[in-house]
Colleague: 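My questions will all concern the structure given below.
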Number of protein chains: 2
Amino acid sequence: MTERVEGDAGSDQPAMNEAETRRSADSSERAYLTIRKHLVEFTLKPGERINEVQLSRSLGVSRTPIREALNRLASEGFVSLTPNRGFFVRSLSTEGLLDLYELRSIIECAAFKLMCERAEDREIDRLREYWEAIVDGYRDQPADIILAEDEGFHLLIAELSGNPELVAQLASINARIRFIRRIQIEHPSHDKAQVTFHSGIVAAAVKRDAEEGMKLLREHIEMTVSATQQALKDALLKVFAPDNAADLKRRRKVRDA
Amino acid sequence: MTERVEGDAGSDQPAMNEAETRRSADSSERAYLTIRKHLVEFTLKPGERINEVQLSRSLGVSRTPIREALNRLASEGFVSLTPNRGFFVRSLSTEGLLDLYELRSIIECAAFKLMCERAEDREIDRLREYWEAIVDGYRDQPADIILAEDEGFHLLIAELSGNPELVAQLASINARIRFIRRIQIEHPSHDKAQVTFHSGIVAAAVKRDAEEGMKLLREHIEMTVSATQQALKDALLKVFAPDNAADLKRRRKVRDA
DNA sequence: GAACGCAATAGTGTCGACACTTTCTTGACT
DNA sequence: AGTCAAGAAAGTGTCGACACTATTGCGTTC
């Protein structure tokens with residue numbers, strides 16, 4: 001008896017309903033996407049313990065697909081698993097984020113260099129065209145679109161490196177820092193240098209100037225990092241400022257004692 | 001019926017010093033280790049479909065922990081999942097291996113550079129001591145030990161980079177190429193330059209000469225790659241030469257028709 | 001004799017149940 | 001009053017079962 005709850009917390013998956021394609025309902029995949037969304041949006045808060053039963057109820061599926069999704073998320077570093085105690089939302093400290101950005105910088109620089117060495121001219125053209133196609137309205141879009149376009153740009157570079165492992169790595173990193181990037185894009189400190197930056201990258205690619213491109217990438221990510229620290233601080237404030245029941249309770253207990 | 005595979009533990013988990021999710025000795029974990037072992041030893045052959053029921057019988061557990069293990073292995077790139085058709089052993093083409101080695105080179109070089117920039121003197125000393133402690137009997141050990149010691153050496157560099165993400169990445173890559181590395185170490189073409197190489201790395205580290213160290217790492221991995229191609233060819237031959245039932249059946253069918 | 005479709009089989013995806021572990025609650029003892 | 005222990009409650013880890021999908025084998029038709 002499949003109880004199909006769609007109105008509840010499942011509201012995360014909007015345009016996924018194609019009556020045409022006989023796509024298997026695949027609860028696991030939907031659970032994965034939904035939970036990841038909750039993680040990215042801080043609906044599930046850092047450090048919090050994840051209740052499988054509660055999740056399975058709110059998604060209208062049994063615990064099995066929930067656990068499959070959580071295992072996947074654990075491999076990807078979103079959550080951690082303590083035996084017999086369950087899954088916990090991995091708390092992303094500032095430090096942890098910086099480590100991720102550093103890794104991203106490493107991967108992206110390497111990808112750019114390999115692209116310069118290996119890509120065909122017409123492939124470099126694809127990069128230029130991709131950028132030219134979005135540059136016009138770039139800054140006037142909503143944050144989500146900007147983010148997607150930016151990720152697409154960098155993923156394309158990874159693809160043109162000819163090494164699928166780099167693409168996979170970058171995609172994984174992107175997923176993990178997406179939430180903070182979105183926050184940062186919406187943050188007042190978000191700079192207008194993005195456009196210049198991307199144009200510079202394209203120019204360096206066309207010239208096959210690996211050094212120049214890597215320098216730009218490094219600088220850019222470096223710059224982003226400092227902006228990110230402020231954004232993260234604000235974000236955490238926003239998340240934990242509205243009454244956090246568990247936290248309050250713990251404090252009250254201590255105070256009363 | 002329970003196939004208890006935990007003997008020579010070192011062969012599969014040489015240097016598990018990772019911040020990754022820690023698990024206890026539950027069924028899932030055992031299944032994960034066992035299946036991974038089968039994968040790296042080609043007991044489960046590239047491209048083959050994985051039968052969950054069969055696996056669960058041979059391990060004496062239900063399908064649930066098997067599926068959890070397989071999901072994890074899928075996130076890590078060992079197997080792939082096709083909806084409604086199940087898990088397949090990912091066929092590691094030569095090309096795919098080269099991509100992995102390239103990624104490894106990128107990560108290791110970056111780690112070395114960061115270590116040179118950041119590590120304390122006494123941390124560099126740890127690296128030197130690690131190497132001095134194993135250098136004596138290094139070449140006279142069985143392949144598994146050599147492999148574990150080598151992985152430990154490189155993981156230590158990653159640790160000294162101060163970025164846990166690099167450690168995690170390297171550990172994951174190591175797991176995926178371990179099977180071929182072991183084969184390669186046992187292969188006649190395995191060179192004696194290993195000792196010189198590691199000593200050179202240590203020397204460069206002590207001098208904080210990032211360029212020198214990265215050059216050594218690149219050269220070394222480059223060299224390994226060509227040796228690996230031959231080793232892989234031999235390995236695949238060895239794996240597929242003894243009758244492969246599925247394959248033979250398919251061929252017979254075609255021939256008879 | 002070959003292509004097609006239908007039935008039988010094998011195998012995955014998901015479920016609800018239960019055992020065991022951890023955490024919380026209550027109440028006795030000092 | 002405070003501490004500790006025993007029991008209750010909550011929650012995870014694993015199981016066997018079942019529905020549905022893909023594959024295989026067989027018989028029919030042209």
Side-chain angles (χ1 to χ4, degrees), chain A residues 1-6 10 21-35 44 47-74 79-89 245-246 249-250 252-254 256-257, chain B residues 1-2 21-35 44 47-74 79-89 245-254 256-257:
Chain A
M1 179 63 113
T2 310
E3 171 190 357
R4 203 149 289 228
V5 179
E6 238 176 284
T21 318
R22 189 97 111 25
R23 164 174 307 191
S24 61
D26 207 352
S27 307
S28 283
E29 181 67 11
R30 269 191 348 204
Y32 170 79
L33 291 172
T34 307
I35 297 172
L44 290 166
E48 205 176 61
R49 179 175 181 170
I50 295 179
N51 189 325
E52 298 174 9
V53 177
Q54 204 172 314
L55 252 182
S56 75
R57 278 206 199 108
S58 84
L59 293 191
V61 295
S62 89
R63 277 173 55 225
T64 309
I66 299 286
R67 282 183 64 86
E68 294 208 348
L70 287 173
N71 270 294
R72 224 173 123 189
L73 289 165
V79 302
S80 64
L81 171 56
T82 315
N84 285 323
R85 290 188 14 94
F87 293 89
F88 291 80
V89 181
K249 195 165 141 199
R250 200 176 315 125
R252 177 158 12 97
K253 194 170 171 186
V254 170
D256 291 351
Chain B
M1 266 330 144
T2 306
T21 332
R22 177 71 56 183
R23 299 177 190 231
S24 73
D26 53 8
S27 302
S28 283
E29 178 67 7
R30 272 192 351 223
Y32 170 79
L33 291 174
T34 308
I35 297 172
L44 290 166
E48 206 176 60
R49 180 174 180 172
I50 295 178
N51 189 325
E52 297 174 10
V53 176
Q54 204 173 312
L55 252 183
S56 75
R57 277 204 199 111
S58 83
L59 293 190
V61 296
S62 88
R63 276 173 56 222
T64 308
I66 299 286
R67 282 183 65 85
E68 294 207 350
L70 287 172
N71 270 295
R72 215 172 132 192
L73 289 165
V79 302
S80 64
L81 171 57
T82 316
N84 285 322
R85 289 189 14 94
F87 294 89
F88 292 79
V89 181
D247 217 35
L248 285 180
K249 197 167 142 197
R250 202 175 314 124
R251 280 190 202 139
R252 176 158 14 94
K253 192 175 170 184
V254 170
D256 291 350

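Chain letters run A, B, ... following the sequence lines, proteins first, then strands; residues in each count from 1. All heavy atoms count here, side chains included; hydrogens, waters and symmetry mates do not.
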Colleague: What's the CZ-P distance between Arg57(A) and dG11(D), to the nearest Å?
Modeller: 9 Å
Colleague: Could you check Gly86(A) against Thr64(A) and say which one's nearest nucleotide on DNA chain D is further toward the 5' end?
Modeller: Gly86(A)
Colleague: Can you find a side chain N or O atom of Ser27(A) that sits less than 4.0 Å from OP1 or OP2 on dT14(C)?
Modeller: yes
Colleague: Calculate the interatomic distance between Phe87(A) atom CZ and dA10(D) atom C1'; express it in whole Å.
Modeller: 17 Å
Colleague: From CG of Asn51(B) over to P of dA22(D), roughly how many Å is that when rounded to an integer?
Modeller: 17 Å
Colleague: Does Val61(B) reach the side chain of Arg30(B), with side-chain heavy atoms less than 4.5 Å apart?
Modeller: yes
Colleague: State which of dT12(C), dG16(D), dG13(D) makes the closest approach to the side chain of Arg67(B).
Modeller: dT12(C)
Colleague: What's Ile50(B) touching, base or sugar-phosphate or nothing? Going by heavy atoms closer than 4.0 Å.
Modeller: sugar-phosphate
Colleague: Could you tell me if the side chain of Glu68(B) sits less than 4.5 Å from the side chain of Tyr32(B), heavy atoms only?
Modeller: no
Colleague: How many Å lie between CD on Glu29(A) and P on dT12(C), as a whole number?
Modeller: 19 Å
Colleague: Work out which heavy atom in Val79(A) is nearest to a heavy atom in Leu70(A); give both atom names and the distance.
Modeller: CG2-O, 3.7 Å
Colleague: May I have the distance from Leu55(B) (atom CG) to dA10(C) (atom C1'), rounded to whole angstrom?
Modeller: 16 Å
Colleague: Within the pair Ser28(A) and dT14(C), is there a side-chain N or O less than 4.0 Å away from OP1 or OP2?
Modeller: yes
Colleague: Rounded to the Å, how far apart are Ile66(B) CD1 and dG11(C) P?
Modeller: 15 Å
Colleague: Let's go through Thr64(B) and Thr64(A) carefully: what are the C-alpha distance in whole Å and the side-chain angles of both, what is the deciding distance for side chain to side chain contact (heavy atoms under 4.5 Å, CB included) to 0.1 Å, and is it a yes or a no?
Modeller: CA-CA 8 Å; Thr64(B) 308; Thr64(A) 309; 5.6 Å; no
Colleague: Considering only side-chain heavy atoms of Arg49(A), which listed nucleotide, dC15(D), dC15(C), dG11(D), is closest?
Modeller: dG11(D)
Colleague: How many Å lie between CZ on Arg30(B) and C1' on dT14(D), as a whole number?
Modeller: 12 Å
Colleague: Among dC15(C), dT14(D), dG13(C), which nucleotide has an atom closest to any side-chain atom of Glu52(B)?
Modeller: dG13(C)
Colleague: Within less than 4.0 Å of OP1 or OP2 of dT12(C), is there a side-chain N or O belonging to Asn84(B)?
Modeller: no
Colleague: Are Ser62(B) and dC15(D) close enough that a side-chain N or O sits under 4.0 Å from OP1 or OP2?
Modeller: yes
Colleague: Nearest 0.5 Å please: distance from the CD1 atom of Ile35(B) over to the CG atom of Leu59(B).
Modeller: 6.0 Å
Colleague: Less than 3.5 Å between a donor and an acceptor, one on the side chain of Arg63(A) and one on the base of dG13(D), is that the case here?
Modeller: yes
Colleague: What's the CD-P distance between Glu68(A) and dT14(C), to the nearest Å?
Modeller: 7 Å
